[in-house]
Amino acid sequence: MAEVRLKNVSKVYSGNVPAVRDIDICIEDKEFFVLVGPSGCGKSTILRMIAGLEEITSGDLYLDNKRMNEVPPKDRDIAMVFQNYALYPHMRVYDNMAFGLKLRGYSKPEIDKRVRDAAEILGITPLLKRYPKQLSGGQRQRVAVGRAIVRKPKVFLFDEPLSNLDAKVRVIMRAEIKKLQERLDATTIYVTHDQTEAIAMGDKICVLKDGVEQQTESPLKVYDTPKNKFVAGFIGSPPINFFDCKIVKDSGGLWIDEGKIKVKVLDEHVERLQKHVDRNVLLGIRPENIYDKLYARGATPTNTVVAVVEIVELMGSEAYLYLTTGINRFVAKVDAHTTIRANQKMELVFDMKKIHIFDKETEETII
């Protein structure tokens, strides 16, 4: 059992600078939990408070229902993997991995077994006699992970461990870390600013902004039903499109009117939008939910818009169309074999079942 719970945890630095405010989350046993958000949102501070490297200003931290606020880092049974690997350059890989066990007084046979077992799991056995400077970035990261594994802790903490790697190695390593976590059945808390990484790896993700928790749920739930404009805009690549609109009513029903774009509200959304008639709102729609009318099912005059293609960006199996209505610029994600080219006018269909509407003032989700 390795449940981690933060109950109304806050961190305020000297000068009354708040870094984290009233975080109330529970990381379940064996869960891969991801803290995600832009730089400076407090995610690494939360990780360091869990590790004991930062004092908690207010609130409580529990590990298996035991309050840990005053417990020293060495007694928390937590292992941390840092962004910069933190390997000792004068030690070989074997000694880097064994160092923490030696400090804790383990016997030589036990140290050797743990180091070699971890090296075998990570595929770095041939590297045990090398120095860090003789390793690639991906190999160094494996060593850093191996140093944490040999401890057999209750909880693993990862602080942006892949940010120094190139794109190809990063994709490989995130799959390996996820596979490793499932193999070890370890509670894992992972910090990243990369929302793609968060969605790919997390059983549950917590989106942070300015030290405040915005939404904590499964990646799919956060993606499909964001709680506010910030979450909708931060999660998703390419980002969601936003349009300043007004809800208007006529004999035909409710419409979302932006000026150049006007689409009809589905019957299932009418009740929730009724009280917003004649009020300004934000319409959000993801690029993959905008279709070329030539290939779209269910296209009608009430969900079709006209735009001009500015740029076609090929992305392998997909193409991103950068479009303009004259007032707004937005993006549609279509099949790479599209025949559409720059400067062409085209008709597009908005999937009205997949739209999001946000209150213009509070930025909270209406639908």
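Scored by the side-chain contact (heavy atoms from CB on, under 4.5 Å) test, His269 finds Val265, Leu266, Arg272, Leu273, Ile367 as partners (sequence neighbours excluded). Under the side-chain contact (heavy atoms from CB on, under 4.5 Å) criterion, Ser58 pairs with Ser10, sequence neighbours left out. The side-chain hydrogen bond (donor to acceptor under 3.5 Å, both in side chains) search around Glu288 returns Tyr223, not counting sequence neighbours.
The main-chain N or O of Ala186 is found under 3.5 Å from a side-chain atom of Gln181 such that the two form a donor-acceptor pair. A donor-acceptor pair is defined here as one N or O able to donate and one able to accept, closer than 3.5 Å; such a pair exists between the side chain of Arg114 and the backbone of Val150. Remark: the backbone N or O of Phe32 is paired with a side-chain donor or acceptor of Asp203 at under 3.5 angstrom. Looking only at distances, no side-chain donor or acceptor of Arg286 sits under 3.5 Å from a matching main-chain atom of Asn241. Arg151 places a side-chain N or O within donor-acceptor distance of the main-chain N or O of Ile78, the cut-off being under 3.5 Å. Under a 3.5 Å cut-off, the side chain of Asn164 and the backbone N or O of Gln83 do form a donor-acceptor pair. With hydrogens and angles disregarded, a donor-acceptor distance shorter than 3.5 Å links the side chain of Asp166 to the backbone of Val169. Not a single donor-acceptor pair under 3.5 Å links the side chain of Arg67 to the backbone N or O of Asp60. Remark: the backbone N or O of Cys206 is not paired with any side-chain donor or acceptor of Thr216 at under 3.5 angstrom. Side chain of Asp29 to main chain of Ala2: a donor-acceptor pair is present (N/O by atom type, distance under 3.5 Å, no hydrogens or angles).
For Tyr190 and Phe33, the ring centers are positioned 6.0 Å apart or more.
By the 6.0 Å contact criterion, CD on Glu310 is enclosed, its count of non-hydrogen atoms from other residues, nucleotides or ligands being greater than 12. Applying the 6.0 Å contact sphere to CG of Asp267 captures no more than 12 heavy atoms from other residues, nucleotides or ligands. The 12-atom threshold is not exceeded at CZ of Arg183, counting heavy atoms of other residues, nucleotides or ligands nearer than 6.0 Å. Heavy atoms of other residues, nucleotides or ligands lying less than 6.0 angstrom from CD of Glu361 number 12 at most.
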- Task: Would you please test Leu321 and Val334 for side-chain contact (heavy atoms from CB on, under 4.5 Å) and show each step?
- Result: CA-CA 7 Å; Leu321 305 182; Val334 299; 3.9 Å; yes

- Task: Give the intermediate values and the outcome of side chain to side chain donor-acceptor pair (under 3.5 Å) for residues Asp112 and Tyr94.
- Result: CA-CA 9 Å; Asp112 188 67; Tyr94 183 100; 2.7 Å; yes

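Residues Glu197 and Gln195 bring no donor and acceptor atom of their side chains to less than 3.5 Å of each other. Side chains of Glu313 and Tyr322: a donor-acceptor N/O pair is present below 3.5 angstrom, by distance only.
Atom CG of Asn228 and atom OG1 of Thr365 lie 6.0 Å apart (nearest 0.5 Å). To the nearest 0.5 Å, atom CD of residue Glu182 and atom OG1 of residue Thr188 are 10.0 Å apart. Rounding to the nearest 0.5 angstrom, the gap separating the OG1 atom in Thr196 from the CD1 atom in Ile235 is 8.5 Å.
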Acceptor/donor pairs from residues 343-350 side chains to any protein atom, 3.5 angstrom cut, sequence neighbours excluded:
| unit_1 | atom_1 | unit_2 | atom_2 | d |
| --- | --- | --- | --- | --- |
| Gln344 | OE1 | Arg341 | N | 2.7 |

For residues 36-48, tabulate all N or O donor-acceptor pairs below 3.5 Å that involve a side-chain atom, not counting sequence neighbours.
| unit_1 | atom_1 | unit_2 | atom_2 | d |
| --- | --- | --- | --- | --- |
| Lys43 | NZ | Gly37 | O | 2.9 |
| Lys43 | NZ | Pro38 | O | 3.0 |
| Ser44 | OG | Asp159 | OD1 | 2.8 |

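Hydrophobic cluster of Trp255: the remaining members, joined at side-chain heavy-atom separations below 4.5 Å, are Val248, listed by chain and number.
Of the candidates Ile205, Ile27, Val191, Thr192, Val191 is the only one forming a side chain to side chain contact (heavy atoms under 4.5 Å, CB included) with Leu35.
His90 and Tyr88 have perpendicular rings, their planes meeting at more than 60° on a 0 to 90° scale where under 30° would count as parallel.
Relative to the six-membered ring of Tyr62, Arg5 meets both conditions, a distance below 6.0 Å and an angle of at most 45° to the axis.
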